[in-house]
Amino acid sequence: MNKWIMKKNNIIINNIEHFDPVHTFECGQCFRWERIDDSHWFGVVKGLALDLEWNGKDLILHNTTEDDFLKVWYSYFDLGRDYGDIKNRLSKNDPVMREAIGFGYGIRLLKQDFQETLISFLISQNNGIPRIKKIVESMAKSYGDPIECSRPGVHAFPSCERLSKLALEDFRVIRAGYRDKYIHRVTRQVCSGEVSLDTIMKGSIKEARLEMQKFFGVGQKVADCTLLFSGTRYDIFPVDRWVRRVMAELYLGYEADNEEINSFAMKKFGELAGFAQQYLFYYAREKKIGMY
DNA sequence: CCACAGGACGGCT
DNA sequence: AGCCGTCCTGTG
């Protein structure tokens with residue numbers, strides 16, 4: 001549990017542990033944080049804009065309110081979770097995990113908006129991070145509500161309700177390519193109740209993953225990423241090419257298919273699978289594990 | 001010009 | 001049930 005104080009319009013968390021904005025914002029889970037300089041970041045989350053400062057030990061959330069902190073930022077940054085305990089449990093008898101955690105020690109799983117996460121990871125398929133960010137930004141600029149903040153031209157990520165009213169052609173401007181038809185239909189599937197968000201939130205893991213894949217354009221990978229990065233489920237292990245590489249290289253010794261990797265990871269990491277995935281993914285990508 | 005990028009669909013066997 | 005060509009767009 002982290003202690004925090006309010007000073008003027010800033011929330012300050014002194015000596016925050018298990019956090020580094022580079023690790024957390026650049027581990028591939030989010031697309032709307034911009035690095036200003038070594039200690040300053042700007043992000044747009046759930047209709048709010050935030051100037052974030054991190055000096056190497058203290059986290060400062062500028063120009064916010066206690067209300068927004070308690071309603072949004074506290075859960076978004078997962079401040080109630082004991083990452084020390086998670087790291088200990090994952091590291092136990094696992095030198096690979098210990099190494100990965102030592103490398104990405106400042107990763108936190110952000111609790112992001114479900115709809116935004118769903119659309120963002122729909123866009124992510126067959127795409128690299130710079131382009132994903134560009135498309136998401138374009139989506140906000142074109143159809144999201146403007147936000148008054150320290151910078152001009154900032155927009156919230158548009159709701160599915162708003163997006164569902166658009167025609168397919170309206171998505172051409174965001175340059176999402178063939179994914180525009182997925183976005184078009186998925187936003188309608190969310191609003192119509194064709195896919196049960198209740199099952200996704202409260203069903204068993206198996207039911208939730210199955211229900212997610214009723215969304216047009218959502219396969220297992222996008223389903224799992226959405227569940228994990230929206231903080232809906234943590235006992236989940238998204239498998240993509242980086243995870244496939246790191247598992248082959250550091251655990252299995254051979255190239256296994258997604259299903260085998262998934263069941264191996266679930267058995268090994270259990271309810272902490274989601275955290276394990278992030279440490280491994282970040283480690284693999286930054287170190288380019290298995291690329292040569 | 002071609003390969004590939006943090007996949008998924010749809011038509012084929 | 002599994003395989004595989006194809007899908008927009010940008011970058012190298």
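Since the model is a prediction, treat every value here as computed from it, not as a measurement. Every chain is numbered from 1, with letters handed out A, B, ... down the list of sequences.
- The distance from atom CD of Gln112(A) to atom CG of Leu118(A), rounded to the nearest 0.5 Å, is 12.0 Å.
- Hydrophobic clustering of Ile, Leu, Val, Met, Phe, Trp and Tyr side chains at less than 4.5 Å, counting indirect connections, keeps Ile129(A) apart from Val243(A).
- Taking a 4.0 Å limit (strictly below) on heavy-atom distances, residues 205-222 of chain A does not reach DNA chain C anywhere.
- Contacts of Ile129(A) with the nucleic acid, taken as non-hydrogen atoms under 4.0 Å apart, include base atoms.
- Straight-line distance between the P atoms of dC4(C) and dG6(B): roughly 23 Å, to the nearest whole Å.
- Using a 4.0 Å heavy-atom criterion, one finds that Arg172(A) contacts the sugar-phosphate atoms exclusively.
- Contact annotation: Arg179(A) side-chain N/O to dG6(B) OP1/OP2 distance is not under 4.0 Å.
- Annotation: cation-pi geometry not satisfied between Arg32(A) and Phe157(A) (NZ/CZ under 6.0 angstrom from ring centroid, within 45° of ring axis).
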DNA chain B base-pair string [pairs: Watson-Crick or G-U under 3.5 Å; |: paired with another strand]: .||||.|||||||
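- Taking CD of Glu211(A) as the start and OG of Ser204(A) as the end, the distance is 11.0 Å to the nearest 0.5 Å.
- Atom CD1 in Ile132(A) sits about 7 Å away from atom P in dG6(B), given to the nearest Å.
- Atom CD1 of Ile119(A) and atom CD1 of Ile183(A) lie 6.0 Å apart (nearest 0.5 Å).
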Taking N or O atoms only and anything under 3.5 Å, show me the protein contacts with nucleotides 10-12 of chain C, one pair per line.
none

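- Between Asp78(A) and Lys111(A) there is no salt bridge, since no side-chain nitrogen of the basic residue lies less than 4.0 Å from a carboxylate oxygen of the acidic one.
- Between Tyr234(A) and Phe269(A), a ring centre-to-centre spacing not shorter than 6.0 Å is recorded.
- DNA chain B is contacted by both Arg185(A) and Glu26(A); Glu26(A) maps to the nucleotide lying nearer its 5′ end (nearest heavy atom per residue).
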For Tyr105(A) and Tyr282(A), run ring pair (Phe, Tyr, Trp, His ring centres under 6.0 Å): C-alpha distance rounded to whole Å, both residues' side-chain angles, the deciding distance at 0.1 Å, then the answer. CA-CA 10 Å; Tyr105(A) 57 86; Tyr282(A) 185 68; 9.4 Å; no
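- Protein atom CG of Asn126(A) is 15 Å distant from nucleotide atom P of dA3(B), rounded to whole Å.
- Between Trp4(A) and Phe69(A), the angle of the ring planes lies from 30° to 60°, which puts this pair in the tilted group.
- The pair Arg185(A)-Glu194(A) does not meet the salt-bridge criterion, since no charged nitrogen lies less than 4.0 angstrom from a carboxylate oxygen.
- Here, dG5(C) and dC2(B) have their P atoms 16 Å apart, quoted to the whole Å.
- Put simply, CG on Leu122(A) is 17 Å from P on dG6(B), counting in whole angstrom units.
- Between Asn258(A) atom CG and dA1(C) atom P there is a gap of 19 Å when expressed in whole angstrom units.
- Rounded to whole Å, atom C1' of dG6(B) lies 14 Å from atom CD1 of Ile123(A).
- For a distance-only test at 3.5 Å, the side chain of Tyr182(A) fails to qualify as a donor-acceptor partner of the base of dG7(B).
- As a whole-Å value, the separation of Tyr178(A) OH from dC7(C) C1' is 6 Å.
- Remark: C1' of dC8(C) and NZ of Lys181(A) are 8 Å apart, rounded to the nearest angstrom.
- Under 3.5 Å, the side chains of Tyr83(A) and Glu17(A) contain no donor-acceptor pair of N or O atoms.
- Counting only heavy atoms from C-beta outward, the side chains of Tyr251(A) and Asp94(A) approach each other to under 4.5 Å.
- Distance Ile119(A) CD1 to dA8(B) P: 14 Å, rounded to the nearest Å.
- Residue Phe281(A) has its side chain nearest to dG6(B) when only dC7(C), dT9(C), dG6(B) are considered.
- Separating the P atom of dG11(B) from that of dC8(C) is a span of 14 Å, rounded to the nearest Å.
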